[in-house]
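Read the structure below first, then the notes.
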Amino acid sequence: MLLKRKSGKKHRSGFIYIALSAVFVFVLINVISMQIDISQKKSELEAINESLNILQINNEQLRRYCSDENRMEYIEQIARDQLDYSYSDETVYYFIPNPTS
């Protein structure tokens, strides 16, 4: 006498459905995670590019100052900006902003 299981095919198709659903959810989570990473990396890239542009401008200015004809201008700028020096016949004014405005 042969016994047949009718519910065996239902169990297999149910298992396949659950397995495929799990794989789909796993792939979906990975895609979302990658999109978040891409967004963060784009933000980092923009910040790095902005820093790069600032550094390139500074490098160009330093290259200009390194030439012999501009060396005294560079020394003068350092003395004025960083050391607060001025020529003896100059009057230096400091503007203090009004804190109420």
Side-chain angles (χ1 to χ4, degrees):
M1 180 183 222
L2 293 172
L3 298 174
K4 292 184 180 179
R5 283 191 184 174
K6 291 183 180 180
S7 61
K9 288 185 179 181
K10 289 183 183 179
H11 287 297
R12 281 189 207 147
S13 65
F15 175 74
I16 291 173
Y17 175 74
I18 291 172
L20 288 175
S21 297
V23 168
F24 176 75
V25 168
F26 178 74
V27 168
L28 185 64
I29 290 172
N30 279 338
V31 168
I32 292 171
S33 174
M34 285 182 207
Q35 289 297 324
I36 292 170
D37 288 344
I38 288 170
S39 175
Q40 290 173 345
K41 296 300 179 188
K42 282 182 180 179
S43 297
E44 289 177 22
L45 179 62
E46 288 173 6
I48 289 171
N49 281 334
E50 185 176 327
S51 296
L52 176 64
N53 288 337
I54 291 170
L55 288 174
Q56 286 174 336
I57 291 168
N58 290 340
N59 281 344
E60 183 59 36
Q61 185 179 24
L62 289 173
R63 265 190 221 100
R64 190 172 56 86
Y65 285 142
C66 284
S67 66
D68 287 335
E69 66 240 12
N70 295 325
R71 192 163 304 199
M72 290 307 294
E73 179 186 344
Y74 177 67
I75 292 170
E76 181 180 335
Q77 182 182 358
I78 296 296
R80 288 178 178 274
D81 295 344
Q82 295 179 9
L83 303 174
D84 292 328
Y85 282 9
S86 63
Y87 287 109
S88 59
D89 60 342
E90 285 183 326
T91 303
V92 179
Y93 295 96
Y94 293 100
F95 294 98
I96 301 172
N98 189 355
T100 59
S101 59

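- Between the CZ atom of R80 and the CD atom of E90 there is a distance of 4.0 Å, given to the nearest 0.5 Å.
- Note: L55 CG to E50 CD = 11.0 Å, rounded to the nearest 0.5 Å.
- V23 and V31 fall within a single hydrophobic cluster, where Ile, Leu, Val, Met, Phe, Trp and Tyr are joined by side-chain heavy atoms under 4.5 Å apart, directly or via other members.
- When side chains are defined from C-beta on, E76 does not count as touching E73, because their heavy atoms never get closer than 4.5 Å.
- No chain of hydrophobic side-chain contacts below 4.5 Å, direct or via other Ile, Leu, Val, Met, Phe, Trp or Tyr residues, connects F15 to F24.
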**Request:** Before giving the answer on side chain to side chain contact (heavy atoms under 4.5 Å, CB included), spell out for Y74 and L62 the whole-Å C-alpha distance, their side-chain angles and the decisive distance to 0.1 Å.
**Result:** CA-CA 8 Å; Y74 177 67; L62 289 173; 4.0 Å; yes
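- Here CG of N53 is found 12.0 Å from CD1 of I48. Values are rounded to the nearest 0.5 Å.
- Salt bridge annotation for K41-E46: absent, with no cationic side-chain nitrogen under 4.0 angstrom from a carboxylate oxygen.
- With contacts defined as side-chain heavy-atom distances shorter than 4.5 Å, the pair D37/Q40 qualifies.
- Tracing side-chain contacts under 4.5 Å through hydrophobic residues (I, L, V, M, F, W, Y), one never reaches I75 starting from Y87; they form parts of separate clusters.
- The structure places CG of N58 at 11.0 Å from CZ of R63, a figure rounded to the nearest 0.5 Å.
- S21 places a side-chain N or O within 3.5 Å of a backbone atom of Y17 that can act as its donor or acceptor partner.
- If you take OG on S51 and CD on Q56, they are separated by 11.0 Å, rounding to the nearest 0.5 Å.
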